[in-house]
Amino acid sequence: MVKAVVGANWGDEGKGKITDMLAQNADMIVRFQGGANAGHTIKNGYGKFALHTLPSGVFYGHTVNIIGNGVALDIPKLFAEIKSLTDRDVPKPNILVSDRAQIVMSYHVLFDQYEEERLGGKSFGSTKSGIAPFYSDKYAKIGFQVSELFAEELLEEKVQRVCETKNIMLEHLYHKPLLKPQDILQELHEYKAMVEPYVADVSSCLHEAIKNGKTILLEGQLGTLKDPDHGIYPMVTSSSTLAAYGAIGAGVPPYEIKQVITVCKAYSSAVGAGEFVSEIFGDEADELRRRGGDGGEFGATTGRPRRVGWFDCVASKYGCRMQGTTEVAFTVLDVLGYLDEIPVCTGYEIDGEVTTDFPTTAKLKHAKPVLQKLPGWKCDITGIREYSQLPENCRKYIEFVESQIGYPITMVSNGPGRDDIINREK
Ligand code: GDP
């Protein structure tokens with residue numbers, strides 16, 4: 001049984017928490033896209049952790065945690081992350097790295113920085129983790145696959161070729177120091193020594209696991225609106241954030257993904273630039289940002305303050321549809337308990353017309369939010385475990401959102417901890 005846990009919005013919906021929770025009853029947890037550019041924050045018995053590359057199943061002894069072929073693998077960061085767990089008494093997790101994953105090189109990080117510098121104010125708000133240069137190289141076929149670390153003759157020839165191309169850009173576009181092939185080769189040798197014990201034919205392992213009835217979680221990074229095809233292009237990430245891509249980025253048949261759990265946050269937040277129709281500003285935003293998430297809305301990887309706004313039914317309905325949602329986990333609802341009234345964005349007004357269909361970016365720039373105010377519940381709902389025990393206005397808020405997005409909300413998360421969850425009988 002393969003299940004995907006993915007985001008409906010701009011990311012930071014709480015996928016890490018939901019994955020950590022579901023991992024209790026799973027055998028394998030697979031990261032299938034993205035890299036160390038974003039993070040999941042997880043709070044459990046060991047403490048509070050920010051994961052960037054590791055799947056959110058690493059806190060259990062029984063799980064196998066897999067870095068799939070679709071991931072941008074930053075080997076030093078992966079090892080630093082493993083150490084950050086074991087330093088805090090988490091048992092060393094079981095990890096496999098796909099032999100088909102490609103490697104983030106030190107020059108990818110540099111190119112990311114150089115390009116942001118060159119673009120100045122017109123930059124894409126990159127986290128400068130090398131992700132865009134990495135995926136560009138992957139599709140330009142000048143990336144390094146983990147398997148290539150074990151083919152020395154091929155490696156030397158390829159390093160020469162890559163350096164020639166990169167050095168033209170470094171010299172003439174960026175005016176920066178050139179790459180030396182021997183340095184790059186040494187970097188690759190170091191990576192080989194580090195990663196060798198973990199390398200596996202991941203799709204084959206997953207094939208066996210599926211045959212043996214194991215439960216596999218595919219863990220997405222970011223959300224629908226950051227997808228390079230279906231998101232707010234060009235303010236998107238460089239790999240697909242959709243559950244469908246889980247089949248490719250992990251190497252499983254698409255028809256094996258039986259459940260798509262789309263994580264949807266009870267209000268909106270986004271890191272970095274890009275269209276965000278229901279965004280709020282000023283004191284109203286500061287208050288939500290301060291109270292939001294677990295200790296404020298600040299990026300798990302970058303520490304950047306997140307932009308915040310009201311729940312966006314248009315973006316979330318679209319976000320859920322593109323994921324192929326079978327059920328929704330509605331998160332961070334507890335945060336809204338301070339509001340007398342809670343505005344919800346139910347439509348976009350574009351050039352005088354109201355729509356509930358999420359448009360392409362050029363049109364999105366003209367969209368103004370149509371807001372409807374729902375009554376708040378004015379109390380702390382953390383600790384509640386039964387849906388029927390939630391205040392009436394809180395249930396009405398959930399049910400209103402559910403009717404607007406058109407997908408069943410089966411889980412309500414009312415706190416950052418593993419147990420802060422209300423399973424809703426449908
Ligand atoms: P992810 O990338 O989707 O995993 O999201 P992040 O980890 O970046 O952001 C979610 C933040 O919200 C984290 O700080 C979580 O600990 C926190 N969080 C998750 N679910 C809840 C919840 O139901 N209530 C509260 N208050 N915080 C939550």
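Note: hydrogens, waters and symmetry copies are ignored here, and every other heavy atom, side chains too, is used. Order of appearance sets the numbers: ligands from 1, and atoms from 1 within every ligand. Numbers for residues simply follow the sequence, beginning at 1.
At a 4.0 Å cut-off, at least one heavy atom of G415 sits close enough to ligand 1 to count as contact. Ligand 1 is never approached by K43 to a heavy-atom distance shorter than 4.0 Å. Residue contact check for ligand 1: V332 places a non-hydrogen atom closer than 4.0 Å to it. Using a non-hydrogen distance threshold of 4.0 Å, R306 registers as a contact of ligand 1.
When the options D420, I18, V271, D334 are ranked by their closest heavy atom to atom 24 (N) of ligand 1, first place goes to D334. The closest non-hydrogen atom to atom 8 (O) of ligand 1, taken over L51, L222, D12, comes from D12.
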(message) Working note: L85 + L54, criterion side-chain contact (heavy atoms from CB on, under 4.5 Å); need CA distance, chi angles, decisive distance, verdict.
(response) CA-CA 10 Å; L85 299 189; L54 287 172; 3.8 Å; yes
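For ligand 1, the polar-atom distance check finds an N/O of G16 within less than 3.5 Å of one of the ligand's N/O atoms. Below 3.5 Å of separation, one finds an N or O of G293 facing an N or O of ligand 1. Geometrically, ligand 1 and H40 share a nitrogen or oxygen pair separated by less than 3.5 Å.
Residues V252 and G246 share a closest heavy-atom pair of CG2-O, 4.2 Å.
Using a 4.0 Å cut-off between heavy atoms, K17 contacts ligand 1 through its side chain alone, with no backbone atom that close. Contacts with ligand 1 closer than 4.0 Å are made by backbone heavy atoms (N, CA, C, O) of N414 only, the side chain lying farther away.
Applying the side chain to side chain donor-acceptor pair (under 3.5 Å) test to pairs two or more places apart or on separate chains, those with a residue in residues 382-392 are D380-T382, R385-D420, Y387-E399, E392-K396.
You'll find the side chain of F134 stays beyond 4.5 Å of the side chain of I103, heavy atoms only.
Applying the side chain to side chain donor-acceptor pair (under 3.5 Å) rule to R118 yields the partners E115; only residues at least two apart in sequence or on another chain are considered.
Proximity to S413 (heavy-atom distance under 4.0 Å) selects the following atoms of ligand 1: 20 (N), 21 (C), 22 (C), 23 (O).
Using bins of under 30°, 30° to 60° and over 60° for the plane-to-plane angle, the ring pair F111/Y114 lands in the tilted bin.
Just one of D294, D419, D20 meets the salt bridge (charged side-chain N to carboxylate O under 4.0 Å, His left out) condition when paired with K43; it is D294. Tested against P55 for a side chain to side chain contact (heavy atoms under 4.5 Å, CB included), the candidates T19, T63, I67 yield a single pass: I67.
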